[in-house]
Amino acid sequence: MEIERVQEIAALSNLKGTIPSEFIILENEQATTTNIHGAVLKVPVIDLCNPDDQSLVASISEAGKSWGIFQVINHGIPNQHISELQKVGKEFFELPEEEKEVIAKPTGHEGVEGYGTKLQKEVEGKKGWVDHLFHRVWPPSAVNYHYWPKNPPSYRETNEQYTQSLIPVADKLLGLLSRGLGLEDGEVKQGLGDLFYMLKINYYPACLCPELDLGLGPHTDMSSITILVPNEVQGLQVFKDDHWYDVAYIPNALIVHIGDQIEILSNGKYKSVYHRTTVNKEKTRMSWPMFLEPPPEFEVGPIPKLITQDNPSKFKTKKYKDFVDCKLNKLPQ
């Protein structure tokens with residue numbers, strides 16, 4: 001039987017002294033040849049408690065337009081909620097494999113929810129060094145608890161607690177992004193429909209040959225925005241000015257990615273961030289991205305107020321589920 005999970009492959013690789021060929025990417029894509037060595041990208045760090053409202057809007061708007069990524073501090077989510085989220089996620093991935101497989105994504109299932117490894121069509125047959133768990137956390141009507149771990153026992157309570165802390169932060173961010181486009185506070189959120197919150201936990205095992213592989217290859221997120229909690233192990237990289245840079249780790253900060261749907265809504269004013277993940281030889285890296293997604297049937301397109309004779313529409317209006325299908329299968333939009 002083929003071993004699919006990277007966590008198991010990593011253990012075997014340590015015994016064999018090498019990693020399987022399907023994980024070894026092209027030399028010109030490897031981190032050692034494309035990194036700016038020793039340079040940590042100083043992405044904007046934004047204090048959400050800034051009392052100067054106009055300054056806050058301006059800083060968020062500039063970050064979204066110039067970078068497509070920023071970190072937020074003083075966001076109001078208790079540090080304990082973040083540390084508990086990390087603790088129960090780590091405990092799940094440390095369970096015996098057969099226990100994790102109970103909530104695996106079913107073979108042939110169209111959705112992404114569940115424990116798994118492969119997500120999208122692989123580029124040139126190369127695999128990322130990562131296992132994952134997906135499940136929706138909001139709204140309650142969209143939650144399927146079958147895909148939520150039963151162990152550790154506090155997993156559900158912890159994730160629901162974190163979600164309730166995150167929702168007002170997400171609403172504030174979307175409002176600031178909307179005002180940064182010269183729109184009313186709620187117009188961007190309105191253009192996305194009743195958002196679904198999809199949590200993903202990425203588990204990147206220590207890799208014997210980290211210079212030969214990536215955790216996740218270069219991509220943009222399909223979501224509206226992604227709000228990410230990392231652990232302390234460096235790995236997130238952003239492509240800017242024709243080079244890859246490490247994104248500095250700030251304890252308890254949230255990393256916010258502009259996703260494809262916000263780029264579309266803003267008619268290209270905000271940029272969906274192109275990023276990837278490297279792996280570490282000695283330490284396991286984990287991250288907890290929360291994807292804020294439109295409903296599958298909801299149509300997303302440029303906001304009409306942003307379309308002018310000088311700035312015509314750059315994107316098609318289409319159902320989110322159709323956008324996802326094209327992206328996962330590497331089809332033109």
Side-chain angles (χ1 to χ4, degrees), residues 46 48 60-61 63-64 67-72 75-77 81-82 85 111-113 119 132-144 147 159-181 183 185-202 216 219-230 236 253-266 269-275 287-303 315 318-324 327-328:
I46 296 171
L48 282 189
I60 290 262
S61 177
W67 296 79
I69 184 172
F70 51 92
Q71 302 202 54
V72 293
H75 41 66
I77 299 177
H81 290 189
I82 292 174
L85 176 80
V112 299
E113 288 189 277
L119 177 59
H132 62 246
L133 172 65
F134 274 102
H135 59 73
R136 284 180 178 157
V137 298
W138 189 261
S141 60
V143 172
N144 183 348
Y147 295 115
N159 276 264
E160 290 178 338
Q161 175 181 256
Y162 172 72
T163 300
Q164 289 305 310
S165 297
L166 183 67
I167 289 171
V169 179
D171 286 344
K172 182 171 185 174
L173 290 169
L174 291 170
L176 291 165
L177 287 165
S178 190
R179 289 163 61 199
L181 294 169
L183 303 171
D185 195 81
E187 287 187 81
V188 160
K189 189 177 179 184
Q190 185 180 354
L192 296 165
D194 295 326
L195 287 165
F196 290 178
Y197 284 57
M198 177 77 82
L199 177 69
K200 182 187 184 190
I201 306 178
N202 290 309
L216 286 173
H219 66 285
T220 59
D221 292 344
M222 295 182 285
S223 56
S224 60
I225 59 173
T226 304
I227 304 175
L228 181 142
V229 170
L236 178 62
L254 302 174
I255 301 173
V256 181
H257 298 178
I258 299 295
D260 296 338
Q261 305 312 304
I262 289 286
E263 180 169 358
I264 291 167
L265 272 184
S266 70
K269 290 182 181 294
Y270 290 137
K271 307 302 181 188
S272 188
V273 65
Y274 195 54
H275 59 288
S287 66
W288 288 257
M290 186 77 80
F291 301 101
L292 275 61
E293 303 179 331
E297 297 288 339
F298 193 84
E299 292 189 346
V300 178
I303 292 173
F315 302 94
K318 65 195 308 182
K319 291 181 179 179
Y320 181 62
K321 68 173 187 179
D322 295 334
F323 181 93
V324 170
K327 183 137 184 178
L328 290 180

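Quick caveat, the model's predicted, so the values are computed rather than measured.
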**Q** If you count every heavy atom of other residues, nucleotides or ligands that lies below 6.0 Å from Q190 atom CD, does the total exceed 12?
**A**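 No - once you tally the heavy atoms of other residues, nucleotides and ligands closer than 6.0 Å, there are 12 at most.
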**Q** Please tell me if the side chains of I46 and Q71 come closer than 4.5 Å, counting only heavy atoms from C-beta onward.
**A**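 Contact flag for I46/Q71 side chains = no.
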**Q** Could you report the tightest heavy-atom contact between P302 and F315, atom names first, then the distance?
**A**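 Distance-wise, the nearest heavy atoms are CD-O, 3.7 Å.
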**Q** Whether the side chain of E113 engages the backbone of R136 through a donor-acceptor N/O pair (distance < 3.5 Å, no angle test) should be reported.
**A** yes
**Q** Under the salt bridge (charged side-chain N to carboxylate O under 4.0 Å, His left out) test, which residues partner E160, sequence neighbours left out?
**A**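 Scan of E160 (salt bridge (charged side-chain N to carboxylate O under 4.0 Å, His left out), adjacent residues dropped) gives R156.
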**Q** When you measure from the side chain of S61 to the backbone of G180, do you find a donor-acceptor pair of N or O atoms at a distance under 3.5 Å?
**A** yes
**Q** Sequence neighbours left out, what passes salt bridge (charged side-chain N to carboxylate O under 4.0 Å, His left out) with E187? Give chain and number order.
**A**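 Testing E187 for salt bridge (charged side-chain N to carboxylate O under 4.0 Å, His left out), a comparison that skips the adjacent residues, returns K305.
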**Q** Under 3.5 Å, side chain of E263 to main-chain N/O of S272, donor-acceptor pair present?
**A**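 At least one qualifying donor-acceptor pair exists.
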**Q** Is it the case that the side chain of K327 and the backbone of T220 share a donor-acceptor pair, with hydrogens and angles ignored and the cut-off at 3.5 Å?
**A**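 Judged by distance alone, yes, a pair lies under 3.5 Å.
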**Q** The criterion is salt bridge (charged side-chain N to carboxylate O under 4.0 Å, His left out); which residues satisfy it with K189, sequence neighbours excluded?
**A**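 Testing K189 for salt bridge (charged side-chain N to carboxylate O under 4.0 Å, His left out), a comparison that skips the adjacent residues, returns D171.
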**Q** side-chain hydrogen bond (donor to acceptor under 3.5 Å, both in side chains) with S178: which residues, sequence neighbours excluded?
**A**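 By the side-chain hydrogen bond (donor to acceptor under 3.5 Å, both in side chains) rule, S178 matches no residue at all.
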**Q** State which residues pass side-chain contact (heavy atoms from CB on, under 4.5 Å) with P168; sequence neighbours excluded, sorted by chain then number.
**A**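 By the side-chain contact (heavy atoms from CB on, under 4.5 Å) rule, P168 matches no residue at all.
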**Q** If the condition is salt bridge (charged side-chain N to carboxylate O under 4.0 Å, His left out), which residues does D194 pass it with, not counting sequence neighbours?
**A**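 Scan of D194 (salt bridge (charged side-chain N to carboxylate O under 4.0 Å, His left out), adjacent residues dropped) gives none.
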**Q** For D322, which residues count as a side-chain contact (heavy atoms from CB on, under 4.5 Å) partner, sequence neighbours excluded?
**A** K318, K319
**Q** Looking at residues at least two apart in the chain, or sitting in another chain, which of them share a ring-ring contact (aromatic ring centres under 6.0 Å, His included) with H275?
**A** H219, H257
**Q** With sequence neighbours excluded, what pairs up with S165 under the side-chain contact (heavy atoms from CB on, under 4.5 Å) test?
**A**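 Result, side-chain contact (heavy atoms from CB on, under 4.5 Å) vs S165: I77, P78, H81.
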**Q** If the condition is side-chain hydrogen bond (donor to acceptor under 3.5 Å, both in side chains), which residues does K200 pass it with, not counting sequence neighbours?
**A** N202
**Q** How close do F70 and A63 get, counting heavy atoms only, and between which atoms?
**A** CD2-CB, 3.7 Å
**Q** Relative to the ring of F323, is the ring of Y320 parallel (under 30°), tilted (30 to 60°) or perpendicular (over 60°)?
**A** parallel
**Q** Treating E293 as the side-chain partner and S224 as the backbone partner, does any N or O pair qualify as donor plus acceptor under 3.5 Å?
**A**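 Judged by distance alone, no pair lies under 3.5 Å.
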**Q** Only counting residues at least two apart or in another chain, list the ones meeting side-chain contact (heavy atoms from CB on, under 4.5 Å) with T163.
**A**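 T163: side-chain contact (heavy atoms from CB on, under 4.5 Å) contacts with V137, W138, I167, M290.
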**Q** In chain order, what residues pass the ring-ring contact (aromatic ring centres under 6.0 Å, His included) check against Y147, with sequence neighbours excluded?
**A** none
**Q** Can a donor-acceptor pair be found, under 3.5 Å and without considering hydrogens, that links the side chain of S223 to the backbone of F291?
**A**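 No, because the side chain of S223 does not come within donor-acceptor range (under 3.5 Å) of the backbone of F291.
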**Q** Working to the nearest 0.5 angstrom, can you tell me the gap between D221 CG and Y274 OH?
**A** 12.5 Å
**Q** On a heavy-atom basis, which atom in D260 and which in M222 lie closest, and how many Å separate them?
**A** OD2-CA, 3.5 Å
